[in-house]
Protein chains: 2
Amino acid sequence: MIQLDARDKAILLELQQESRLSYAEMGSRVGLSPAAVHDRVKKLERKGVIRAYKIQVDPEALGLKLTAFVAIRLDNNFTGREIQPGLEQFHQIEEVHSIAGENDLLLKVRTSDTKALEALIYRIKAVPGIARITSTIVLSTALEGRPLVPGESDESIELR
Amino acid sequence: MIQLDARDKAILLELQQESRLSYAEMGSRVGLSPAAVHDRVKKLERKGVIRAYKIQVDPEALGLKLTAFVAIRLDNNFTGREIQPGLEQFHQIEEVHSIAGENDLLLKVRTSDTKALEALIYRIKAVPGIARITSTIVLSTALEGRPLVPGESDESIELR
DNA sequence: GCATCTAACTGAATCATATTCGGTATGATA
DNA sequence: TATCATACCGAATATGATTCAGTTAGATGC
């Protein structure tokens with residue numbers, strides 16, 4: 001288990017919202033020199049706490065006007081692991097979760113419209129081992145991509 | 001509607017996976033000078049296609065070992081819009097979607113463990129207007145944070 | 001056909017920032 | 001007390017972002 005102090009947490013919180021902050025700016029926010037911030041960030045990268053630097057794009061700008069959650073029930077003799085390679089091929093699938101409950105997998109998918117969603121579902125159905133699909137269409141998204149806040153102990157994240 | 005050509009799409013695809021690529025490196029990947037890439041990226045930012053630069057962190061490293069989807073059914077005389085402010089206060093909620101179907105809202109939440117999830121659900125239940133909550137625990141996540149691929153017309157995104 | 005305008009590009013400055021480095025302080029360890 | 005590791009700092013250096021003047025190609029209007 002990696003130990004993160006209050007400054008690491010503050011840095012991670014900032015970078016989750018704006019990863020292009022300069023080390024100097026970050027330093028003045030958390031009370032460290034640019035070089036010290038640099039050290040910490042590199043360490044966080046090395047330890048895998050920081051997984052990647054990404055951009056968030058507006059799905060609509062890419063023509064992806066429809067979001068949906070697709071719940072999948074598998075045939076009894078199949079596991080999620082076995083199905084996964086068959087799902088990866090569809091770039092419309094943004095997330096794949098194995099879940100507990102009535103269904104076995106929950107996917108988050110993005111398509112241009114209902115027609116494209118229909119086509120996608122049809123193709124997913126063709127993947128061997130899939131017994132039943134239930135789709136839920138997203139009408140609107142109020143919150144998305146919020147930063148993750150460290151759990152437990154210190155419920156109040158303040159940087160000073 | 002913003003028009004994106006093949007190069008814009010290629011740039012967006014790259015940046016969704018690694019937003020720290022230098023303009024020079026990006027230029028050689030898409031066949032442009034660094035300055036030309038710079039122009040394009042700035043334009044994409046200005047137009048809102050690029051919403052933000054972020055880091056992806058490992059939830060486990062933050063002690064967030066549990067992911068769950070929480071479906072909420074509202075009382076008949078409430079709307080998702082009205083409920084939202086009551087939900088924003090919980091930083092454990094990563095996403096809030098208004099959905100069609102049996103339930104009205106679908107939340108993606110992260111907590112440290114089942115105990116913390118229980119506490120969160122309990123507190124969500126206290127928000128006025130919420131009739132019924134159904135939680136689905138994520139056992140494992142196979143895919144997450146995949147890049148969005150432009151929809152429709154050109155199903156094959158190749159960059160030469 | 002020709003002048004004009006715009007958008008997108010290029011290469012070459014320039015400027016900001018990341019990165020590296022040597023050195024210091026602190027706390028743990030033997 | 002000596003030794004070591006960690007985290008920090010300020011200053012130098014290297015890298016990359018940003019700006020800019022100029023070019024090209026494609027539209028537009030006369």
Side-chain angles (χ1 to χ4, degrees), chain A residues 1-58 60-63 147 150 153-154 157-160, chain B residues 1-58 60-63 147 150 153-154 157-160:
Chain A
M1 180 82 189
I2 305 113
Q3 266 312 334
L4 304 174
D5 68 11
R7 277 180 174 139
D8 288 325
K9 291 176 183 175
I11 289 171
L12 289 171
L13 201 50
E14 297 286 350
L15 290 180
Q16 282 185 86
Q17 298 167 270
E18 170 52 292
S19 66
R20 284 180 313 177
L21 278 186
S22 71
Y23 292 118
E25 171 61 23
M26 182 68 83
S28 68
R29 290 195 191 180
V30 301
L32 286 174
S33 72
V37 175
H38 182 264
D39 280 358
R40 278 172 179 262
V41 170
K42 291 302 153 192
K43 191 166 299 177
L44 291 168
E45 290 173 10
R46 233 177 311 116
K47 297 206 173 170
V49 178
I50 295 176
R51 277 192 182 155
Y53 290 75
K54 307 202 159 198
I55 58 166
Q56 190 180 68
V57 310
D58 175 12
E60 298 238 350
L62 298 184
S153 45
D154 36 341
I157 302 297
E158 60 238 310
L159 6 166
R160 187 146 325 226
Chain B
M1 180 83 189
I2 305 111
Q3 265 311 333
L4 304 174
D5 66 12
R7 277 180 174 139
D8 288 325
K9 291 175 183 175
I11 289 171
L12 289 170
L13 201 51
E14 297 285 349
L15 289 180
Q16 282 185 86
Q17 300 170 83
E18 171 53 290
S19 65
R20 284 180 314 177
L21 278 186
S22 71
Y23 292 118
E25 171 61 23
M26 181 69 83
S28 69
R29 289 195 192 180
V30 301
L32 286 175
S33 72
V37 174
H38 182 265
D39 280 359
R40 279 171 179 263
V41 170
K42 291 304 154 191
K43 192 166 299 178
L44 290 168
E45 290 173 9
R46 234 176 310 117
K47 298 208 172 168
V49 178
I50 294 176
R51 278 192 181 154
Y53 290 74
K54 307 203 159 199
I55 59 166
Q56 190 179 67
V57 310
D58 175 12
E60 299 238 349
L62 298 182
S153 44
D154 34 341
I157 301 297
E158 61 239 308
L159 4 165
R160 192 138 325 240

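Residue numbers start from 1 in every chain, and the chains themselves are labelled A, B, ... in the order their sequence lines are given, proteins ahead of strands.
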Give the minimum heavy-atom separation between [X] and [Y], together with the two atoms involved.
X: B:Tyr53; Y: B:Ser19; answer: CD2-CB, 4.0 Å
X: A:Gln17; Y: B:Lys54; answer: O-CE, 4.5 Å
X: A:Met26; Y: A:Val37; answer: CG-CG1, 3.6 Å

Item checked: Contact nearer the 5' end of DNA chain C, comparing B:Arg20 with B:Arg7 ->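 That would be B:Arg7.
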
Check: Is B:Glu18 reaching over with its side chain to a backbone N or O of B:Glu14, donor-acceptor style, under 3.5 angstrom?
Finding: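 No; judged by distance alone, with no hydrogens or angles, the pair does not exist.
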
Notebook entry, point to check: Within a strict 4.5 Å, meaning less than it, do heavy atoms of the B:Arg29 and B:Leu21 side chains meet?
Noted result: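 Sidechains of B:Leu21 and B:Arg29: in contact.
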
Check: So do A:Lys9 and A:Leu13 actually touch side chain to side chain, heavy atoms under 4.5 Å?
Finding: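 Side-chain contact under 4.5 Å: no.
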
Notebook entry, point to check: Could you state the interatomic distance from CG (B:Leu4) to NZ (B:Lys43), rounded to the nearest 0.5 Å?
Noted result: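 Result: 11.5 Å between the selected atoms.
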
Notebook entry, point to check: Excluding sequence neighbours, so at least two apart, what forms side chain to side chain donor-acceptor pair (under 3.5 Å) with B:Asp58?
Noted result: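 Scan of B:Asp58 (side chain to side chain donor-acceptor pair (under 3.5 Å), adjacent residues dropped) gives A:Arg51.
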
Next item on the list: Walking along DNA chain C from 5' to 3', note the first and the last nucleotide with an atom under 4.0 Å from a heavy atom of chain B, and give both.
Entry: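 Here the contact window of chain B covers C:dA8 to C:dG11.
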
Next item on the list: Remember a base hit wins even if backbone is also touched, and classify A:Ala36 as base, sugar-phosphate or nothing at under 4.0 Å, heavy atoms.
Entry: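 Counting heavy atoms under 4.0 Å across all strands, the contact made by A:Ala36 is with sugar-phosphate only.
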
Item checked: Bounds of contact between DNA chain D and chain A, in 5' to 3' order, using a heavy-atom cut-off under 4.0 Å ->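 Nucleotide range in contact with chain A: D:dA7 to D:dG10.
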
